[in-house]
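In what follows, chains are A, B, ... by sequence order, proteins preceding strands, each numbered from 1. All values below were derived from every heavy atom in this structure, side-chain atoms included, with hydrogens, water molecules and symmetry-related copies excluded.
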Protein chains: 2
Amino acid sequence: MDVTIYEVAKRAGVSIATVSRTLRGTGPVAARTREKVLKAVEELNFTPSRLGVSLAEGRHAANGIVFPDLAGPYYTEVLLGYEEVASELGRSVVILSTKGRTKVNDLIKDLAGRVDGLAIFGHTVPEPLVAELVRLGVRLVFISREPLSGADTLRSENIASARALAAHLTGHGYERFTFLGAPLASQDDVDERWRGVRAVLGGAIEAVPTREYTVDCGFDAAKQLLGGRARPEAIICSDDEVALGALLAAEELGLDVPGDVAVTGWDDIMAARHARPALTTVRQPMRELGARAARALDELITGARDTHKHLILTTALVVRDSCGHHPQEAAP
Amino acid sequence: MDVTIYEVAKRAGVSIATVSRTLRGTGPVAARTREKVLKAVEELNFTPSRLGVSLAEGRHAANGIVFPDLAGPYYTEVLLGYEEVASELGRSVVILSTKGRTKVNDLIKDLAGRVDGLAIFGHTVPEPLVAELVRLGVRLVFISREPLSGADTLRSENIASARALAAHLTGHGYERFTFLGAPLASQDDVDERWRGVRAVLGGAIEAVPTREYTVDCGFDAAKQLLGGRARPEAIICSDDEVALGALLAAEELGLDVPGDVAVTGWDDIMAARHARPALTTVRQPMRELGARAARALDELITGARDTHKHLILTTALVVRDSCGHHPQEAAP
DNA sequence: TACATTTGTGTAAGCGCTTTCATCGCTAAT
DNA sequence: ATTAGCGATGAAAGCGCTTACACAAATGTA
């Protein structure tokens, strides 16, 4: 990996400018010269140094992405969508997970120096640093975060679907609800979901936190909740993983879902369909979130767009078995 | 992000060499000069260009990783372990997913040009390219692949644990087996598992392929298998995800697991513990695989080691409910 | 006081490319 | 036959850093 353009040029008996032109197809090169150059390239197995190219071009041809963790399907799916599109656009993807990291600021600044633009999940990055990145002119796309100036934002609709979900559940006749997996930060996805359901259910719902949004934490919290005296009729979970935990907790306690308690999730991860009972949830276009982030970043980087977009992708209520049979839909 | 070391030098009234020395702590700098430089750095908000640094240092301070896909917990877990350690060692991680990609060769060569070393999963990369990478002197660590010269290899033990698993199942008294998720490539993990169980079970086991190693594919294949005339007594699956699919298929067909048919997985992903019945499986240290890959690569890159290591991590049989109660262990 | 070290700094040569600009044959038009 | 114009090429100036080397000033030693 260390033969340079100079050696190629020497071997082909031309200047490095000609080699460069031949390889990139910029500027005219005589057919015979091209042959010689390509032959030399072939023989020496030359690949232009990415560093040299980037330095000269003034761009990295790479995108960064910052997420808290990769546990669970949500971030993974978004990442896949992101990487796929970035790759399509000729950009590599540099990842950074912030979970359990000290000196996140340094890591992110380093990352920012290696890429042409950054996608950042929700509130992964401290606000002062966000402000600084904006000030420095770093191209930014936030995923699942409220709009801010100086960056694109991209998220899924939460409030309206939360209301729809809540309304659907009241249609079942439930009257006592718990929101499992209380929001950790204001303005994030879960917070919006919480606000949405509360707007419909008001005092009929109370929030119970989990340590994290994982199956395990959902299981623990649900077990305690369902084992208590005032068991709710329906548990609206912050996301599918917490809901899967709740399903397991109910089973362990010998409770029937949805007979004894209804459970709903959010995201529609693959396991939601496979759970027993299959999980009623809200589908969120995770891959598309990633894909769009990569596209948005590309527009910002290439300069195809110089204003900032704030997009909200639509979600869909997916009714399965875990919320029970809806009275109106019941067969006679 | 475009203030250079020259501007800092000018503002501080020193040469760029002094700025560099101050920032990196190489060479002596008078206290007063240091102050001036740091002040200028602060005021201008200077961050050294990664490109400039890399070009001058002759290293990227970045590692690559190539995987087929990120669907399912296996690759994700390995990736997390890898990223964590790489980051600890001051290296960024550049990812490349090959699934569905044409021109994989170009992508990988490009990747190789952006990093100091590459971790590659199993048989993600065509053999001729592997040979070429080795020839070019690219630092390589393969994850879950048989040893080859010119690269480190790292994998989990498969054959012995497969034998142990098979032996355990025969202890249950089962006599007709199916291996669900037949190997796609020779010498990969699944192939070794298959060879391991066959060594014990011989003609008593037959292999049935799935399209991919996913829940869905496992579900489809298991449904067909279990719906057929000669239903096996036990299904040994290539991995946990296929096994989860098999569990669902059994449920859909009204079959009891392990009563009507035993099912086992491989990997011990989180869902294995949560499945009903909980899945008997073989635990594979996925994060550690990633972590070790990052460490090995670091040794190769820094030159701390110039031979190649071929490591096999140990696995552990995890007996849960899906294989039935073992006769000897049965309570009176 | 004279000389050998250290300290502190600057100069300049890379690192491997891309690209502008100038040059030099040619062909085509006058 | 002249000249404008084009095609093909090379020289050289960056791109933003690190660092070997040179040198002057300050310090220590005899």
Which atom pairs, donor and acceptor, lie under 3.5 Å between side-chain atoms of residues 110-122 of chain B and protein residues at least two apart or in another chain?
unit_1    : atom_1 : unit_2    : atom_2 : d
Asp110(B) : OD2    : Arg114(B) : NE     : 2.9
Arg114(B) : NE     : Ser92(A)  : OG     : 2.8
Arg114(B) : NH1    : His60(A)  : O      : 3.1
Arg114(B) : NH2    : His60(A)  : O      : 3.3
Arg114(B) : NH2    : Ala61(A)  : O      : 2.8
Asp116(B) : OD1    : His60(B)  : N      : 2.8
Asp116(B) : OD2    : His60(B)  : N      : 3.3
Asp116(B) : OD2    : Ala61(B)  : N      : 2.7
Asp116(B) : OD2    : Ala62(B)  : N      : 3.4
Asp116(B) : OD2    : Arg91(B)  : NH1    : 3.3

Exercise. Asp152(B) and His308(B): side-chain donor and acceptor closer than 3.5 Å?
Worked result: yes
Exercise. Is it true that the side chains of Ser54(A) and Arg59(A) contain a donor and an acceptor less than 3.5 Å apart?
Worked result: no
For this session: Scan Glu192(A), His310(A), Glu146(A) and name whichever one has a side chain to side chain donor-acceptor pair (under 3.5 Å) with Arg155(A).
Result: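 With Arg155(A) as partner, side chain to side chain donor-acceptor pair (under 3.5 Å) holds for just one option, Glu192(A).
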Exercise. Contact boundaries of DNA chain C with chain A (under 4.0 Å, heavy atoms), 5' to 3'?
Worked result: dG16(C) to dT20(C)
Exercise. For Ser54(B), which contact category applies under a 4.0 Å heavy-atom criterion: base, sugar-phosphate, or nothing?
Worked result: nothing
pair [X]-[Y]: side-chain heavy atoms closer than 4.5 Å:
{"X": "Leu70(A)", "Y": "Glu77(B)", "value": "no"}
{"X": "Asn63(A)", "Y": "Val94(A)", "value": "no"}
{"X": "Val66(A)", "Y": "Thr98(A)", "value": "yes"}
{"X": "Leu313(A)", "Y": "Arg292(A)", "value": "yes"}
{"X": "Glu7(B)", "Y": "Arg11(B)", "value": "no"}

Problem set entry | Divergence of helical axes at both termini of the helix from dT1(C)-dA30(D) to dT30(C)-dA1(D) - five pairs an end, 10° steps |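 One end's axis against the other's: 50°.
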For this session: Write out all pairs satisfying side chain to side chain donor-acceptor pair (under 3.5 Å) with one or both partners inside residues 126-137 of chain B, taking only residues at least two apart or from two chains.
Result: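 Output for this query lists Lys109(B)-Glu132(B), Glu127(B)-Arg145(B).
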For this session: Please tell me which of Gly13(B) and Leu55(B) maps to the more 5' nucleotide of DNA chain C, matching each residue to the nucleotide holding its nearest heavy atom.
Result: Gly13(B)
For this session: With a 4.0 Å heavy-atom cut-off, tell me which residues in residues 34-43 of chain A come close to DNA chain C, sorted by residue number.
Result: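 Contacting residues: none.
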Problem set entry | Salt bridge Lys99(A)-Glu84(B), side-chain N to carboxylate O under 4.0 Å | no
For this session: Test Phe67(B) against Leu79(B) for side chain to side chain contact (heavy atoms under 4.5 Å, CB included), laying out the working first.
Result: CA-CA 9 Å; Phe67(B) 45 79; Leu79(B) 177 57; 4.3 Å; yes
Problem set entry | Arg295(B) side-chain N/O to Ala291(B) backbone N/O, donor-acceptor pair under 3.5 Å |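 No; zero donor-acceptor contacts below 3.5 Å.
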Exercise. Which letter, B, S or -, goes with each nucleotide of nucleotides 18-24 of chain D from 5' to 3', with contact meaning a protein heavy atom under 4.0 Å?
Worked result: BBB----
